[in-house]
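Chain naming here is simple, since letters A, B, ... match the order of the sequence lines and numbering starts at 1 in each.
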There are 2 protein chains.
Amino acid sequence: MVRPPQTTAAASEAPNHSDPDDYIESFRALSRPSVAVDIVIFTILDADLKVLLIKRKNPPFQESWALPGGFVVVGESGADGEQGEDLEEAAARQLSEETRLPRGSVFLEQLYTFGRAGRDPRTRVISVAHYALVRPNLAPFVAAGEDTTDAVWRSVSEVVSLPLAFDHGDMLSVALDRIRGKIDYSPIAFELVPETFSIPELRAVYEVIKGTTYDPGNFRRKFNRMVTDGIIERAPGKRITASKPAQVFRFVRNP
Amino acid sequence: MVRPPQTTAAASEAPNHSDPDDYIESFRALSRPSVAVDIVIFTILDADLKVLLIKRKNPPFQESWALPGGFVVVGESGADGEQGEDLEEAAARQLSEETRLPRGSVFLEQLYTFGRAGRDPRTRVISVAHYALVRPNLAPFVAAGEDTTDAVWRSVSEVVSLPLAFDHGDMLSVALDRIRGKIDYSPIAFELVPETFSIPELRAVYEVIKGTTYDPGNFRRKFNRMVTDGIIERAPGKRITASKPAQVFRFVRNP
DNA sequence: AGAATAGTGTCTATCAGACACTATGCA
DNA sequence: TGCATAGTGTCTGATAGACACTATTCT
């Protein structure tokens, strides 16, 4: 097993506080945690909000459920060379490795950075948490065969009362707060329906995320305003339901 | 000058992909950037939004203006020992070192993590940006004598068209977006007035941050509702102005 | 007395919530 | 034909914006 490098040089040499750059440099040497990226990946299946979890095979937290994640690839270089991958790159790579979905087909955004000392018992790890939204029509392709990856969709309502590895429970809470707040003033709901969708389908997304019901008439009126504002537009075809088929719409990315 | 430690062991040994833990460990060894904390510190002085900047004395970006910041202290230990300071601790320490204001007297919150490869030309540095809000009655104590610290309050309207060191210009933009959005649905405006304040004073905060004017009557009505809702309460005394003195209020933290 | 700003009242357009009602396709 | 759900219409209360007006203190 590869051991993390030791900062013996920095630790043994006392910083020279009279030279500010020396002072800074000594702190930089002392500040070399591992940096990870963890992702709270949501989808909606069976009118239920799901999160993608992985069962850990190794300690610590062996056999616990955890969020997908991994370490950021960092190059060792100065001004000229490569310094490794961007944080968004690391998150996108992790996301596509875990879901096997093509890049760009999944909404991905930085969430919050978790860096509490001791959050990983092995060594100091700072994790830049992200969240992702997978359209329900793509979700069945994720974790389809459990032989490809060990990831499974689990109901959020069950998972919140389940101890997750590390501080992943906190990450899930923060991610839930984020999407519950953000759905009201940003178009993230359109990331949790197929490219074309009916108003009742969109309403179901709001109801699942907010945990309340919406009056069908009032909800429709709100999105009819978005049609006249050009934010969404009618799409050809109809959505077949158990009764009367519904008109489908499409989100206009740059109205 | 202290050199950053090299991860020669990890770089020369090929990861053993058949053992997942070995694989992970090798990535962890490869993922040891420096981690910094930078802070966008706002206040309002002379009816103008200000940000605290520092003139860099050393390369890179020598003589450029930069945000206050510093490296996170990270311990080298496993399960039992100390792993260093939390991110919030690092930010609070940096904030109090730079402003000399007592802890807890300044609002401080994590903003976003900037980790683009190459953002620091020396080595890979990932910076967890924060923002802080200093009450205007405390602001004059900050950077009062330029002998204590080298920090100065600069007008945001000037700074946005000024090249800052590293990606600190991006940090400022993100921080501005954040407070402009958040002032509408969270009580952060109360962090930019003295503990007691008049309605016109509070209105001035909104006007400076949003860059618009508010109708005095309509604005007052909104905050009168907050009085009846117990979010703010009348405080004794009056605020002396050039004309009619104004009633003062106090924010009720837990109504 | 007059300037300046605090503070009140009123009209209107917009929008959310509640809810009754109509339309249409499927079993 | 009846059921289920799509889709429409209407009433009401809350609120934001525009703006006219009154109140109080300082100079």
Next on the checklist: On DNA chain D, does the nearest nucleotide to Lys238(B) precede the nearest nucleotide to Lys244(A) from the 5' side, or the other way round? Give the residue.
Outcome noted: Lys244(A)
Checklist entry - Hey, which of these two, Ser243(A) or Ile240(B), hits DNA chain D nearer its 5' end, going by closest nucleotide? => result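 It is Ser243(A) whose nearest nucleotide is closer to the 5' end.
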Is the distance between the ring centroids of [X] and [Y] under 6.0 Å?
X         : Y         : answer
Phe190(B) : Phe197(B) : yes
Phe42(A)  : Tyr131(A) : no
Phe249(B) : Phe223(B) : no

Checklist entry - If you look at every strand shown and take non-hydrogen atoms under 4.0 Å, does Pro200(A) touch a base, only sugar-phosphate, or nothing? => result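 Sugar-phosphate: the residue Pro200(A), judged by heavy atoms under 4.0 Å, touches backbone atoms but no base.
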Checklist entry - Contact class for Arg221(B) (heavy atom, under 4.0 Å): base, sugar-phosphate, or nothing? => result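 If one applies the 4.0 Å heavy-atom cut-off, Arg221(B) turns out to touch a base.
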Checklist entry - Want to settle it: does Asn224(B) or Tyr214(A) sit nearer the 5' end of DNA chain C, counting the closest nucleotide to each? => result Asn224(B)
Item to check | 5'-most by nearest nucleotide on DNA chain C - Asp215(A) or Ala242(B) | outcome: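 The residue closer to the strand's 5' end, by nearest nucleotide, is Ala242(B).
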Rounded to the nearest Å, what distance is computed from the [atom1] atom of residue [X] to the [atom2] atom of nucleotide [N]?
X         : N       : atom1 : atom2 : value
Arg203(A) : dT5(D)  : CZ    : P     : 10 Å
Leu202(A) : dA6(D)  : CG    : P     : 13 Å
Arg234(A) : dA6(D)  : CZ    : C1'   : 12 Å
Lys222(B) : dA18(D) : NZ    : C1'   : 16 Å

Item to check | Span of DNA chain C in contact with chain A (heavy atoms, under 4.0 Å) | outcome: dC15(C) to dC26(C)
Going by an N to O cut-off under 4.0 Å, is there a salt bridge joining [X] and [Y]?
X         : Y         : answer
Lys57(B)  : Asp150(B) : yes
Glu89(A)  : Arg116(B) : no
Glu201(A) : Arg135(A) : no

Checklist entry - How many angstroms lie between OG in Ser155(A) and NZ in Lys50(A), if you round to the nearest 0.5 Å? => result 5.0 Å
Checklist entry - Among residues 183-195 of chain A, which residues get a heavy atom nearer than 4.0 Å to DNA chain C? => result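 Those residues: none at all.
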Item to check | Aromatic ring pairing His168(B)/Phe166(B), orientation class (parallel under 30°, perpendicular over 60°, tilted between) | outcome: tilted
Item to check | side chain to side chain contact (heavy atoms under 4.5 Å, CB included) between Arg180(B) and Leu176(B), intermediate numbers included | outcome: CA-CA 6 Å; Arg180(B) 281 176 185 150; Leu176(B) 282 172; 4.0 Å; yes
